[in-house]
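Shown below is the structure under consideration.
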Amino acid sequence: MRAALKRSFYLRPTIEVARELLGKIVIHGSTSGRIVETEAYLGTGDLAAHAAAGITNRNRVIFGPPGHAYVYFIYGMYECLNIVAEPEGEAGCVLIRALEPVDGIAAMRKRRPTANRDEDLANGPGKLTRALGITLRDNGCDVTRGPVVVCAPDKEDTFEIGISLRIGITKSADLPLRFFVKGSRFVSRHR
DNA sequence: AGTTCGATCGCCT
DNA sequence: GGCGATCGAACTG
């Protein structure tokens with residue numbers, strides 16, 4: 001059994017958490033994957049962030065204590081997973097954009113029959129929630145406890161971090177807040 | 001390989 | 001009523 005990252009890991013500036021989450025493991029049930037791509041979404045001033053307009057019923061988890069999952073529904077059919085950073089009362093979260101499958105690859109294939117190659121199972125925010133079976137029911141979940149858990153890898157590895165603009169947004173689109181494991185074939189876009 | 005477009009629905013104005 | 005932190009299929013060249 002892997003040990004979950006402590007809450008203090010998330011009690012930091014969002015950008016720092018976004019970078020540090022690379023290489024960590026997301027677990028849900030029998031499936032897990034290594035985080036290879038993240039995006040930081042800040043509070044006030046970041047017009048692309050759901051938190052930009054203040055607290056609403058949908059986004060209130062972002063303003064809560066760090067180390068919780070913010071899961072939202074988008075485009076009528078996809079769920080996206082974020083991990084909340086910053087102290088309680090302040091907004092900031094990290095969108096998990098791509099995973100390198102680790103455990104339960106057979107189960108992931110079953111949930112994502114359109115993926116032909118392993119690198120297509122979880123190389124996008126909507127794909128990885130589907131692959132791991134993460135849904136709106138996991139919104140607000142404490143990722144230091146579960147059912148969605150984030151852990152350190154069994155074996156620390158080193159890699160270079162790539163930085164780029166965030167993907168798929170129109171507002172505040174000029175900020176370099178996307179981080180990825182350089183050279184990984186499991187990222188959603190190769191630059 | 002790159003671009004366009006339809007699916008599908010909760011959220012917020 | 002319009003739009004979106006997407007995906008995959010159908011186009012084009």
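In what follows, every chain begins at residue 1, and chains take the letters A, B, ... in the order their sequences are listed. None of the values given here were measured: they were computed from a predicted structure.
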*asked:* Let's see if you can work this out: which of C/dT6, B/dC9, B/dC12 has an atom nearest to the side-chain heavy atoms of A/Phe73?
replied: B/dC9

*So among A/Tyr72, A/Phe73, A/Tyr41, which one has a ring-ring contact (aromatic ring centres under 6.0 Å, His included) with A/His50?*
A/Tyr72

*Closest listed nucleotide, where the reference is the side chain of A/Met77 and the choices are C/dT6, B/dT8, C/dG8*: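 So the nucleotide nearest the side chain must be B/dT8.
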
*asked:* Against the six-membered ring of A/Tyr10, is A/Arg7 placed for a cation-pi contact (under 6.0 Å from the centre, within 45° of the normal)?
replied: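 Cation-pi check for A/Arg7 and A/Tyr10: fails.
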
*asked:* I need the minimum non-hydrogen distance between A/Ala98 and A/Val187, along with the two atoms involved.
replied: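 Between these two residues, the closest heavy atoms are CB-CA, 4.0 Å.
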
_Intra- and interstrand pairs of DNA chain B - dot-bracket, Watson-Crick/G-U under 3.5 Å, | marks other strand_ = |||||||.||||.

*Using a cut-off of 4.0 Å on non-hydrogen atoms, how would the nucleic acid contact of A/Gly76 be classed: base, sugar-phosphate, or nothing?*
base

*Taking OP1 and OP2 of C/dG4, is either one under 4.0 Å from a side-chain nitrogen or oxygen of A/Lys171?*
no

_Taking A/Leu121's backbone N and O only, do any of them form a donor-acceptor pair with A/Arg112's side chain (distance below 3.5 Å, no angle check)?_
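Looks like yes, one N/O pair under 3.5 Å.
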
*Does A/Arg130 place a side-chain N or O at less than 4.0 Å from the phosphate oxygens OP1/OP2 of C/dT6?*
no

*Looking only at non-hydrogen atoms, find the nearest pair between A/Val84 and A/Ile62 and report the distance.*
CG1-O, 3.6 Å

*Tell me, yes or no, whether the heavy-atom count around A/Arg145 atom CZ, taken from other residues, nucleotides or ligands under 6.0 Å, exceeds 12.*
no

*B/dC12 OP1/OP2 closer than 4.0 Å to side-chain N/O of A/Arg58*: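 Answer is yes, contact under 4.0 Å.
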
*Answer with base, sugar-phosphate or nothing: what part of the nucleic acid does A/Leu95 contact at a heavy-atom distance below 4.0 Å?*
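The residue A/Leu95 makes base contact.
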
*Find which nucleotide of DNA chain C each of A/Thr114 and A/Tyr72 is nearest to by heavy atoms, and output the residue with the more 5' nucleotide.*
A/Tyr72

*Take the protein atom NE2 of A/His50 and the nucleotide atom C1' of C/dT6, then report the distance between them rounded to whole Å.*
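That distance rounds to 12 Å.
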
_Looking at A/Asp118 and A/Arg109, is there a salt bridge between them, counting it only when a charged N and a carboxylate O are closer than 4.0 Å?_
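Yes, charged N to carboxylate O under 4.0 Å.
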
*DNA chain C: 5'-proximal contact among A/Asp120 and A/Gly168 (nearest heavy atom)*: A/Gly168

*Reckon A/Arg112 touches a base, only the sugar-phosphate, or nothing at all at heavy-atom distances under 4.0 Å?*
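If one applies the 4.0 Å heavy-atom cut-off, A/Arg112 turns out to touch the sugar-phosphate alone, with no base involved.
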
_d(OH, A/Tyr75; P, B/dC5) in whole Å_ = 16 Å

*What heavy-atom pair brings A/Ser188 and A/Arg178 nearest, and what distance separates the two atoms?*
OG-NH2, 4.3 Å

*Sub-4.0 Å heavy-atom contacts from residues 22-49 of chain A onto DNA chain C, ordered by number*: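 Listed by number, they are A/Tyr41, A/Ala48.
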
*Rounded to whole angstroms, how far apart are CZ on A/Arg191 and C1' on B/dA1?*
14 Å

*Carboxylate-amine/guanidinium proximity below 4.0 Å for A/Asp120 and A/Lys127*: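 Looking at A/Asp120 and A/Lys127, the cut-off is not met.
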
*Could you tell me whether A/Arg166 and A/Glu39 make a salt bridge, using a distance below 4.0 angstrom between a side-chain N and a carboxylate O?*
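Salt bridge absent between A/Arg166 and A/Glu39.
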
*For A/Asn139 and B/dC11, give me the distance from atom CG to atom P, rounded to whole Å.*
10 Å

*Closest to the A/Lys127 side chain, choosing from B/dC9, C/dC7, C/dA5*: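 Nearest listed nucleotide: C/dC7.
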
